Amino acid sequence: MQLLQTLKHLFLPGIILQSVLIGGGYATGREIVEYGAKFGAWGWLSGLAIFLGFSLISALSIEACRKWQVYDYKSLLQKMIGRGWVMYEITYLLMAILVIAVMAAAAGEILSNTLGFNPWVGIVLIIVLVGFMNYKGDETIARFETIGSIALFITYFVFAISIFYAKGNLIAEVFERWDTTYLSDGVGTGLALWTGILYVGYNLGVYPASMFTYKNIQTRKQSIIAGLIAGLLMTFPWFLTYFAIMAFYPDAQVLEAGVPWLQMLQNFHPAYVIAFSIVVGWTLIETATGMIHGFIGRIDNELKQKGRPLKKMSKAYIALAALLAALLLSQIGIIDLVAKGYGFMAYALITVYALPILFFSFKIMSGK
């Protein structure tokens with residue numbers, strides 16, 4: 001019984017981190033192209049950097065929270081950069097708006113490609129549903145996200161295995177001839193590794209959602225093990241998508257698509273496309289909801305301590321303001337948002353979260 005409890009505590013941070021990450025980071029496949037698959041056979045180096053980066057930041061974040069007995073991002077960052085913690089909050093909110101814009105653009109493209117709807121239908125639908133979910137509150141959001149994460153992971157696995165079964169020989173050929181031809185300027189191993197680090201950087205906004213799970217980590221050794229488990233769980237879907245894309249490399253129709261998964265499943269049974277549209281739509285809403293809810297939750301917790309918790313309508317107004325900003329931003333298009341916006345936010349989040357964690361690691365990792 002004690003062993004099962006310990007395993008639960010070690011796996012839970014990674015499970016939560018993966019559930020927050022998977023909808024925004026993997027659902028469309030666009031991010032995997034930009035942060036690895038475009039390099040062809042060298043793309044696995046980006047995946048390796050992503051695994052090492054997530055494992056390191058996870059272990060240090062868990063150990064920092066355990067060491068200092070703080071389990072929210074404001075308290076953690078105050079320990080490291082004092083009043084500079086507010087820069088993380090500003091960056092987190094901007095990243096949330098950007099992610100929602102990408103999700104809205106993706107929803108519009110999916111409904112347009114699969115059902116022939118005007119792209120605005122998908123965009124407005126996701127905005128309305130995200131606002132409604134934040135209005136309903138914690139219990140509804142938790143139930144919605146749990147079901148969505150399980151469904152997406154199962155569907156993801158089935159889709160990837162189907163592609164491996166149907167086109168496994170094409171994947172092998174990419175590595176046999178070491179194909180990197182999609183990028184005419186050539187591929188450097190350093191660039192592939194750095195691209196993986198940037199991918200970790202723009203996903204640093206997922207950590208606040210998992211900090212409540214660190215309370216049961218008792219030792220430095222457990223922090224390291226939990227961090228490695230988190231790195232594995234967070235990177236596994238990346239490699240599934242990467243190898244699936246290699247079955248089509250260097251096909252520009254896939255690599256330049258706003259939602260590469262739609263292109264990859266085009267010649268499969270229509271049931272695959274329908275299942276993909278439903279599950280991905282669900283998780284797009286889940287990710288966008290979670291990003292706003294994390295911000296609202298931080299404000300609400302602080303106001304509760306002052307005896308003035310946020311009212312339901314106040315939460316709805318905050319969500320609405322963020323959603324309207326995302327609505328305007330979504331008009332840029334999913335490809336430009338991912339290629340340019342995510343890159344900028346990666347540097348910002350590395351500056352306000354990763355560097356402080358790394359700089360203070362000697363202090364974090366000293367002592368039991």
Side-chain angles (χ1 to χ4, degrees), residues 13 16-17 20-21 52-99 197-220 222-224 226-227 230-231 234 290-310 314-315 318 321-322 325 341-368:
I16 297 299
L17 284 166
V20 177
L21 174 68
L52 294 174
F54 277 143
S55 297
L56 177 63
I57 297 299
S58 297
L60 290 177
S61 297
I62 294 168
E63 178 61 11
C65 289
R66 184 195 73 84
K67 177 70 176 176
W68 289 326
Q69 295 292 292
V70 293
Y71 302 103
D72 65 89
Y73 70 85
K74 178 182 175 181
S75 299
L76 175 62
L77 286 161
Q78 280 181 325
K79 288 281 187 180
M80 294 189 292
I81 55 177
R83 293 181 180 179
W85 74 270
V86 74
M87 294 306 298
Y88 178 86
E89 182 150 281
I90 292 170
T91 307
Y92 175 86
L93 182 57
L94 291 174
M95 186 65 195
I97 292 171
L98 176 62
V99 168
I197 292 170
L198 289 180
Y199 185 83
V200 173
Y202 92 75
N203 280 300
L204 291 173
V206 304
Y207 282 93
S210 68
M211 288 180 178
F212 74 96
T213 67
Y214 305 166
K215 294 178 182 179
N216 295 309
I217 302 296
Q218 303 297 321
T219 65
R220 186 194 311 168
Q222 288 185 355
S223 295
I224 295 170
M234 295 167 82
M291 294 296 286
I292 293 182
H293 186 251
F295 177 71
I296 292 175
R298 210 285 299 160
I299 295 174
D300 192 33
N301 286 336
E302 187 161 328
L303 290 177
K304 279 179 180 176
Q305 294 174 8
K306 298 177 181 179
R308 295 182 286 109
L310 276 175
S314 297
K315 293 179 182 180
I318 294 172
Y342 278 17
F344 173 78
M345 295 310 300
Y347 286 108
L349 284 165
I350 287 172
T351 301
V352 298
Y353 190 85
L355 290 182
I357 280 282
L358 292 170
F359 181 76
F360 281 90
S361 61
F362 71 93
K363 184 175 181 181
I364 295 167
M365 300 301 281
S366 65
K368 296 181 180 180

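Source: prediction; values computed, not measured.
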Query raised in the report: How long is the span from the CG atom in Leu60 to the CZ atom in Phe359, to the nearest 0.5 Å?
Result: 14.0 Å
Query raised in the report: With distance as the sole criterion, is a donor-acceptor pair present between the side chains of Ser210 and Tyr214 under 3.5 Å?
Result: yes
Query raised in the report: Under 4.5 Å between any side-chain heavy atoms of Ile350 and Leu198, yes or no?
Result: yes
Query raised in the report: Does Ala59 offer a backbone N or O that forms a donor-acceptor pair with the side chain of Glu63 under 3.5 Å?
Result: no
**Report entry** Residue pair Ser223 / Ile217: nearest heavy atoms and the distance that separates them
**Finding:** OG-CG2, 3.5 Å
**Report entry** Ile81 CD1 to Thr351 OG1 distance, which is reported to the nearest 0.5 Å
**Finding:** 10.0 Å
Query raised in the report: When rounded to the nearest 0.5 angstrom, what distance separates CZ in Arg220 from NZ in Lys67?
Result: 8.0 Å
Query raised in the report: Rounded to the nearest 0.5 Å, how far does NZ of Lys215 lie from OH of Tyr71?
Result: 8.0 Å
Report task. Carefully, step by step, assess Phe54 and Leu21 under the rule side chain to side chain contact (heavy atoms under 4.5 Å, CB included). Result -> CA-CA 11 Å; Phe54 277 143; Leu21 174 68; 4.1 Å; yes
Requested in this report: Identify the heavy atoms of Leu17 and Ala230 that sit nearest to each other, and give their distance.
Outcome: CD1-CB, 4.0 Å
Report task. Check the pair Tyr88, Tyr73 against ring-ring contact (aromatic ring centres under 6.0 Å, His included), reporting the backbone distance first and the verdict last. Result -> CA-CA 9 Å; Tyr88 178 86; Tyr73 70 85; 5.2 Å; yes
Query raised in the report: Between Trp68 and Phe360, how do the two ring planes meet: parallel, tilted or perpendicular, split at 30° and 60°?
Result: perpendicular
**Report entry** Ala64 versus Ile357, closest heavy-atom pair with distance
**Finding:** CB-CD1, 4.4 Å
Report task. Compare every heavy atom of Val352 with every heavy atom of Leu77, then report the nearest pair and how far apart it is. Result -> CD2-O, 3.5 Å
Query raised in the report: CE/Met80 to CG/Leu358 distance, rounded to the nearest 0.5 angstrom?
Result: 9.5 Å
Query raised in the report: Which pair of non-hydrogen atoms, one from Val206 and one from Met234, has the smallest distance, and what is that distance?
Result: CG2-CE, 4.1 Å
Requested in this report: Working to the nearest 0.5 Å, report the span between CD1 of Ile224 and CG of Leu56.
Outcome: 10.5 Å
Query raised in the report: Would you call Trp85 and Leu76 a side-chain contact if the rule is heavy atoms closer than 4.5 Å?
Result: no
Query raised in the report: Between Ser58 and Ser55, is there a donor-acceptor pair closer than 3.5 Å when you use the side chain of the first and the backbone of the second?
Result: no
Requested in this report: Please determine, by modelled atom types, if Tyr353 and Thr91 share a side-chain donor-acceptor pair under 3.5 angstrom.
Outcome: no
